[in-house]
Amino acid sequence: MQLRIVENQRQLGETAADMIESVIRANPRAVLGIATGSSPLPVYAALARRVRNGLDLSGVQAFALDEYVGLSAEHQQSYRNVIRCEVVEPLRMNPALVHVPDGCAYDLNAECLGYERAIKDAGGVDLQILGIGSNGHIGFNEPGSDPASETRVVDLTEQTRQDNARFFNSLQDVPKHSITQGIGTILRARQILLVASGYPKAAALKAAMHEPTDPATPASHLRAHSSATVIADSGAASQLTKGSLSPALAN
Ligand code: GLP
């Protein structure tokens, strides 16, 4: 894993946008994996500035990482709605090319299988954008997730529900289940870009990057990937001291 430490959110966004832009310039029909949560927002803001200056994402296809079970597409906190507002509209993407699992599907298992197949049929993900949960989750792959897992319905931990309660009126309103791409699905992306900001992510990032790979920290499985980059601000990187990084990490 490559590590880039940046000073602030704007720099985080611009650094990530440089990588994403180069993928899109090389292939205007690239397939992106897109994440929700607050961490990638500066990335989408940086890309939106570039779109206003002529970068064209209208041919880019995208697959969301996850979706809450039971929230309608119209619900303000459904990831379908968040992605429409934060990604599709500001980046002027073609909504028909942006896929989000349907958390209200009658047959959720069939929805998961179909989603996994759609990613494969699209040729796989060229670049997957990820955040990290304070418990080390990626997507909604909670601690203990199988590294070979694919898109499926999962239970959300109490920690994750509490972390995400800030987006809802109360903790009771936070769904208890979600659909998420699996760790195996994520690891098949050709390139991975994880962004982390703020002190609350510091312990999870340290566990992911320089403690032994551990099912208790799902993000630690990213170390098996040959092209994974972490962009962290000083808060998230505060427990990653240069001296304690292995030579491969300290660049
Ligand atoms: C949610 C999402 C994750 C995201 C995490 C962290 O749980 N499913 O994909 O990485 O939140 O979010 P934030 O960046 O807001 O801390």
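Just follow the structure's listing: the first ligand is 1, and inside any ligand the first atom is 1. Note that the numbering runs from 1 along the sequence shown for the chain.
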Could you check ligand 1 for N or O atoms lying under 3.5 Å from protein N or O atoms and list the pairs with distances?
{"unit_1": "ligand 1", "atom_1": "7 (O)", "unit_2": "His137", "atom_2": "NE2", "d": "2.9"}
{"unit_1": "ligand 1", "atom_1": "7 (O)", "unit_2": "Asn164", "atom_2": "ND2", "d": "3.3"}
{"unit_1": "ligand 1", "atom_1": "8 (N)", "unit_2": "Asp66", "atom_2": "OD2", "d": "2.8"}
{"unit_1": "ligand 1", "atom_1": "8 (N)", "unit_2": "Gly139", "atom_2": "O", "d": "3.2"}
{"unit_1": "ligand 1", "atom_1": "10 (O)", "unit_2": "Ile132", "atom_2": "N", "d": "3.4"}
{"unit_1": "ligand 1", "atom_1": "14 (O)", "unit_2": "Ser38", "atom_2": "N", "d": "3.3"}
{"unit_1": "ligand 1", "atom_1": "14 (O)", "unit_2": "Ser39", "atom_2": "N", "d": "2.9"}
{"unit_1": "ligand 1", "atom_1": "14 (O)", "unit_2": "Ser39", "atom_2": "OG", "d": "2.4"}
{"unit_1": "ligand 1", "atom_1": "15 (O)", "unit_2": "Ser38", "atom_2": "N", "d": "2.7"}
{"unit_1": "ligand 1", "atom_1": "15 (O)", "unit_2": "Ser38", "atom_2": "OG", "d": "2.6"}
{"unit_1": "ligand 1", "atom_1": "15 (O)", "unit_2": "Arg166", "atom_2": "NH2", "d": "2.8"}
{"unit_1": "ligand 1", "atom_1": "16 (O)", "unit_2": "Lys201", "atom_2": "NZ", "d": "2.5"}

Qualifying salt bridge (Lys or Arg N to Asp or Glu O under 4.0 Å) pairs with a residue from residues 159-174, counting only residues at least two apart or across chains: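 Found Glu158-Arg161.
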Which pairs with one or both residues in residues 93-114 pass salt bridge (Lys or Arg N to Asp or Glu O under 4.0 Å), sequence neighbours excluded? none
Side-chain donor-acceptor pairs of residues 23-32 under 3.5 Å, sequence neighbours excluded:
{"unit_1": "Arg25", "atom_1": "NE", "unit_2": "Glu21", "atom_2": "OE2", "d": "2.9"}
{"unit_1": "Arg25", "atom_1": "NH2", "unit_2": "Glu21", "atom_2": "OE2", "d": "2.8"}
{"unit_1": "Asn27", "atom_1": "OD1", "unit_2": "Arg29", "atom_2": "N", "d": "2.9"}

Could you tell me whether the side chain of Leu71 reaches within less than 4.5 Å of the side chain of Asn81, counting heavy atoms only? no
Quick one: are Thr36 and Ile83 in side-chain contact, heavy atoms under 4.5 Å?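 Thr36 vs Ile83: side chains touch.
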Report the C-alpha distance between Asn53 and Arg50 in whole Å, list the side-chain angles of each, state the deciding distance to 0.1 Å, and finish with yes or no for side chain to side chain donor-acceptor pair (under 3.5 Å). CA-CA 5 Å; Asn53 287 319; Arg50 294 171 194 216; over 6 Å; no
